[in-house]
Structure formats: structure tokens, C-alpha cells
Amino acid sequence: MTYLVRSLILFLLLYPGAAIADDYPARPITIIVPFSAGGPGDVIARILGNAMSATLKQSIVIENVVGAGGTLGTNRVAKAAPDGYTLLLMHVGQATAPALYAKLPFDPVGDFAMIGLVTDVPMILVARPTFPAKDLNELIAHIRNAGDKMTFGNVGLGSASQLCGLMFMSATHTKLTPIYYKGGGPALNDVIAGHIDVYCDPATGPTPYIQSNTIKGYAITGKKRVATLPGVPTSAEAGVPAFDVTTWYGLYAPRGTPKPVVDQLVSALQTALKDPALVSRFAELSMAPVEPERATPEALEAFLKAEIGKWGRIIKAAGIEPQ
């Protein structure tokens, strides 16, 4: 065996990721979305996958793995081969899972290689069309006067709508009675029909109904108004700055994915988030890509850890026991 061959073998033993990264990606990449097709996460994944594939020169396939509040799909990625061919697009549920599930089969931080944040989708607090309040302060007053007789719709444990409802009650010191739905569509339909009082959903859902005056929009839960709904104030503008929650999305790979592969994915993500077609499509859905400095492994990890702590306190204060 020549010295050159021995050196090559030793290099590959010490740096196995180098061989994988050398021809990565050599085949299509799968992004697992732990929610149903057609929902906000699925739509974001398809827009993002299309933009990233242009840089990676490979097709990106979206696979919906639904169940257990998103933990089934997330666990699939946690247990996948760490070769860069199975990725996860997951929302804020990555941070709330530890407080909601007693026997979580994965570590939301330790079992993943972070790639970066993708977008913050603001939530919108809406109410039935006959709700008498003209602004957020009046809505809060109505809820306080009614005790716990007012209802709010949500799509179940760990859903963005449930988390938004919890944050609203925490910020306003109010109590609402939850009404559970299997999806955002049925919940919105019941708001429109007046069967439930309030609902909180990512901006991608209620926007057209607010624009057509089918339902009432009271507050955007992000830092600034959205261009598609210029007449709806932020929660801070409406007088409740603590009501601040977004459905943020991050991109992950399994723990142990070689750094050169992660670096390629980070580069592809950052390039995609500057793509004019992606920016335009996101804007149509009342959201925007994150700043470049947030689309990094370091930023996602720090943010995820902070969110785990924040939501752990809110969920505990709401009296929700882990399942």
C-alpha cells in the first residue's frame, strides 16, 4: 500500500464527512413537513424548496408526515441518516414540544444540526363578524366581562392557534374557553358563521377574509403591520405589547450531518431567501424572509433555546400538563 493511499484512508477515517460533501448533493433531497398538505408550513416548504433547488442543482421533494402535533415528522428526521438528504422544516412547535409531551422521543436541540431560520409568520387575532368591539382594548374588556363564557378556536395541542391563544390570555390576564378543531379551515368557517368568538391564526389564513370584511381583524402579533392588511394594527400599537408571538420556521438536518454538507445547505438557504421570486411569493402570504444573520445555525440554535424557555413558562402558567 503506497503512502498516498494510506494517507487517503486515514483522512477519510478522520473526516468521513469530506467524502459525502465531495459530491453532495448527488440525488434529490427530501424536506419533511410535519403537517398536512396545503397548510402554511407545506406552502412555505414548497416555495423554499423550489428556490434552494436552483442553487443545489437537485430537486427537493416535500413529504408531509402528519401526527402528534408535529412530533412524528420531527422524530423521523431526528432518526434519519445524517447525510443531508432528509431535512425538516418545523415551526415554533420545535420549542413547545418539551413542555407539551412527557415522553418526547427526540431532543429538539441536541438531535439536530441547525441550518437556519426561514421566516417569522405573524399571527392575526380575529373575531366573528358580529363581535361588538371596535378595537383590541374593547375586545379585551368584553372578554373580561364575560368571564370564561367567550370561546376561542384552536387546532389542538401545540398548534400555532393554541399557542397564540395562550399568549393572548397570558398577556391580557383573561380566560377563554377553548374549542378544538381538526384544521384551520373548519375553525375559520366557524368564526365566519359566528359559532366561536375569537381565533388566532398565521396571517396566511385569515387575510382574505379580513380584506373582504367577512371577519374582524383586531391585531397583528408581529413587530410591524403587514402590507396586505394596512388597517390592522400591531398588538403593540393596539396597546398590548406583551401579546407578541410569531409562527417562526426553522430548517434542520439530523445530528451528525457533516459540516461541509451543512455549510452547503446554509449557503443555499441564504441564497434562496434573497431570491426575488421567493420574496414576492412570501409577501403575497403576509410574511417575509428573515435577515441573513438569522439564517444561520448559530442564530437558530440560540433562538430555539430562548423559545423553549419562554414557552415552557407560558404553558406551565396555563396549567397545561404534558401528555
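Bear in mind the structure is a predicted one, so any value in this text is a computation, not a measurement.
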Enquirer: I'd like to know if the side chain of D197 pairs up with that of T151 as donor and acceptor (distance under 3.5 Å, no hydrogens or angles considered).
Expert: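 Per modelled atom types, D197 and T151 side chains form a pair under 3.5 Å.
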Enquirer: So how far is it from D275 CG to F282 CZ, rounded to the nearest 0.5 Å?
Expert: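 Between atom CG of D275 and atom CZ of F282 there are 10.0 Å.
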Enquirer: Specify the closest pair of heavy atoms between A127 and Y218, including all atoms of both residues, with the distance to one decimal.
Expert: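 Taking A127 first and Y218 second, the nearest heavy atoms are CB-CE1, 3.4 Å.
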Enquirer: F112 vs Y252 aromatic rings, parallel, tilted or perpendicular, using cut-offs 30° and 60°?
Expert: perpendicular
Enquirer: Taking R255 first and then D107, would you say they form a salt bridge - that is, a charged N and a carboxylate O separated by under 4.0 Å?
Expert: no
Enquirer: What distance do I60 atom CD1 and T30 atom OG1 have between them, rounded to the nearest 0.5 Å?
Expert: 9.5 Å
Enquirer: Just jot down the salt bridge (charged side-chain N to carboxylate O under 4.0 Å, His left out) partners of K224, sequence neighbours excluded, or say none.
Expert: none
Enquirer: State the CG-CG distance between L278 and L273, to the nearest 0.5 angstrom.
Expert: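 Answer rounded to 0.5 Å: 6.0 Å.
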Enquirer: Would you call D135 and K216 a salt bridge, taking side-chain N to carboxylate O under 4.0 Å as the test?
Expert: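 Judged by the 4.0 Å cut-off on N to carboxylate O distance, D135 and K216 do not form a salt bridge.
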Enquirer: Go through the structure and list residues passing salt bridge (charged side-chain N to carboxylate O under 4.0 Å, His left out) with K79, not counting sequence neighbours.
Expert: none
Enquirer: Step through the shown structure and confirm whether more than 12 heavy atoms of other residues, nucleotides or ligands are within 6.0 Å of CZ on F131.
Expert: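 Result for CZ/F131: enclosed.
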Enquirer: Measuring from atom CG of L48 to atom CG of L269, what distance do you get when rounded to the nearest 0.5 angstrom?
Expert: 6.0 Å
Enquirer: Is a donor from one side chain sitting under 3.5 angstrom from an acceptor on the other, for Y85 and D83?
Expert: no
Enquirer: Looking only at the side chains, is there a donor atom on one of D190 and Y181 sitting less than 3.5 Å from an acceptor on the other?
Expert: yes
